[in-house]
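Only one structure is covered here, and it is reproduced in the block below.
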2 protein chains.
Amino acid sequence: MLVTTSDTDYDPAAFPPFAVTVDLVILTVRPPRLDVLLLQRAEEPFARQWALPGGFVGPDQDLIEAARGKLEQKTGVSVETAHLEQLATFGHPDRDPRMRVVSVAWLALLADPPDPVAGIDALDSAWVDIDGLDRSTLAFDHHLILEAGIERARNRIEYTTLATRFLADEFTIAELRSVYETLWGVTLDPANFHRKVNASQGFVTATGRSVSHGKGRPAKTYAAGPAEYLEPPVRRP
Amino acid sequence: MLVTTSDTDYDPAAFPPFAVTVDLVILTVRPPRLDVLLLQRAEEPFARQWALPGGFVGPDQDLIEAARGKLEQKTGVSVETAHLEQLATFGHPDRDPRMRVVSVAWLALLADPPDPVAGIDALDSAWVDIDGLDRSTLAFDHHLILEAGIERARNRIEYTTLATRFLADEFTIAELRSVYETLWGVTLDPANFHRKVNASQGFVTATGRSVSHGKGRPAKTYAAGPAEYLEPPVRRP
DNA sequence: GAAATAGTGTCTTTGAGACAATATATG
DNA sequence: CATATATTGTCTCAAAGACACTATTTC
């Protein structure tokens, strides 16, 4: 933290100021779509371009509090039911044309969100399908952040139980499977997947109820189990 | 990035300044020790306590450049031969008693480093065994950062070829095994490990040479292969 | 009953681990 | 040769995947 060879290094106040922001990659799964929440900017720079939701960190605000606040403000979803984790920090000197801004990016995973809350300062806000989105048109370096978020989510569901965060409290194995299929862009064998999920201790717990989706045999429903990590993992094909 | 409900949010310069630093978890393996590079602070706050190497990010300096500079300055090792990756960002409002400081932490993995370069501003610097270190005595929130770094390293060697970064250009399978054993605190079956490493495409490539360690059959030597990820992974027991 | 989806059985292949056996050096 | 370490062989078990088959609903 402190040790260097120049005297000025000892005094934090002697250093030029940085602005610190949070940016959020908020993902939800609506098969066959993987959607990210984007806002259309009203102001320069990058006016009218789409961007990730984010904002400045308050002077006495913890980083995760800033992220949590933005998440709840933009989605209307309590962070209790969502997953929020730190992703990475982006701080290239030229990433914001106005001044030096370091952005701490966060990844949020949500189940079945309501329509986004339009801020008075954004032209529009929407859940945007990951496919069919030209990421290079995003404001700032948000294409990098989005890329990192998607990649993180794809990896996380392999070793953790986070796939259930994309679903309601009660869900079927087929719905859980569709989360994997949507994120990974593959199709999985229903039979093998069913067995694997039930074999992974604490991944899901049966509710004892069933639900009918119109056609076919009704599916038993499950709730997220107590486990945080999958053992063995659900490996990506 | 921009959208909120208050007007001041639009102007980055209107926001109170943060200081931004980098802190480094620099690890090396010297079986049976896993060592981290620490500095003993000369100045308040936390004078005489041990801390991770770090420093302020320059006004026009990219984050990774700041980390790279510190790494080379403190270890005398070129970043070419080391691995450096971003770890996480720590920004609790009270983590530095002087002012608001957000620290971007980095993880570095090194092979067989020289003695640390003592800065004129640190009382001492040393490679410290992870075991036998009372992490709670570290300055700032560096116990959290160190914890995150160790955990990251332990996970990385499971799915990536990074274990070879702890070794010289030429190494034996037994030396590679000792990296895993040291980081994971386990003993692995030499026979099974040998086969697994050779079965993992691109993990290591034979040099055609051998080396004798005094007793026993001489071991063939290998160099790091072209692969970055292990397929299949070397799973932690 | 036909169609559709949920869930089970079974077989094959692959990788992990235990451990015996062989290879090649030093003293 | 005794000993130590490296490397290969072999066997067993667990998990993954292909796919046939059964179960239970709607129309």
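Side chains included, hydrogens not; waters and symmetry mates left out as well; all remaining heavy atoms used. Chain identifiers are assigned alphabetically (A, B, ...) following the order of the sequence lines, protein sequences preceding nucleic acid strands; residue numbering begins at 1 within each chain. Quick caveat, the model's predicted, so the values are computed rather than measured.
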Calculate the interatomic distance between [X] atom [atom1] and [N] atom [atom2]; express it in whole Å.
X: A/R209; N: C/dA6; atom1: CZ; atom2: C1'; result: 18 Å
X: B/R177; N: D/dA6; atom1: CZ; atom2: C1'; result: 9 Å
X: A/E231; N: D/dA14; atom1: CD; atom2: P; result: 14 Å
X: A/N198; N: D/dA16; atom1: CG; atom2: C1'; result: 16 Å

Of B/V25, B/D23, B/L63, the one forming a side chain to side chain contact (heavy atoms under 4.5 Å, CB included) with B/W106 is B/L63
Which of A/P53, A/S125, A/P113 passes side chain to side chain contact (heavy atoms under 4.5 Å, CB included) with A/K74? Answer is A/P53
Salt bridge (charged side-chain N to carboxylate O under 4.0 Å, His left out) with A/E158: of A/R235, A/R236, A/R152, only one passes, and it is A/R235
Choosing from [options], which nucleotide comes nearest the side chain of [X]?
X: B/P218; options: C/dA6, C/dG7, C/dA25; value: C/dA25
X: B/K215; options: D/dA4, D/dA6, D/dT24; value: D/dA4
X: A/A219; options: C/dT24, C/dG7, C/dT26; value: C/dG7

A/T172 versus A/T221, side-chain donor and acceptor atoms under 3.5 Å: no
Does the side chain of B/N192 pick up a donor-acceptor pair with the side chain of B/R195 at under 3.5 Å? yes
5' to 3', nucleotides 15-23 of chain C under a 4.0 Å protein heavy-atom cut-off (B base, S sugar-phosphate only, - none) gives -SBBB---B
task: Could you tell me whether the phosphate oxygens of C/dG7, OP1 or OP2, come under 4.0 Å of any side-chain nitrogen or oxygen in A/H194?
output: yes
When you measure from the side-chain N and O atoms of A/H213 to the phosphate of C/dT5, is any distance below 4.0 Å, counting only OP1 and OP2?
no
request  = Decide, yes or no, whether a salt bridge links B/D189 with B/K196 under the criterion of side-chain N to carboxylate O below 4.0 Å.
outcome  = no
**Asked** What nucleic acid atoms does B/A199 come within less than 4.0 Å of, heavy atoms only: base, sugar-phosphate, or nothing?
**Response** nothing
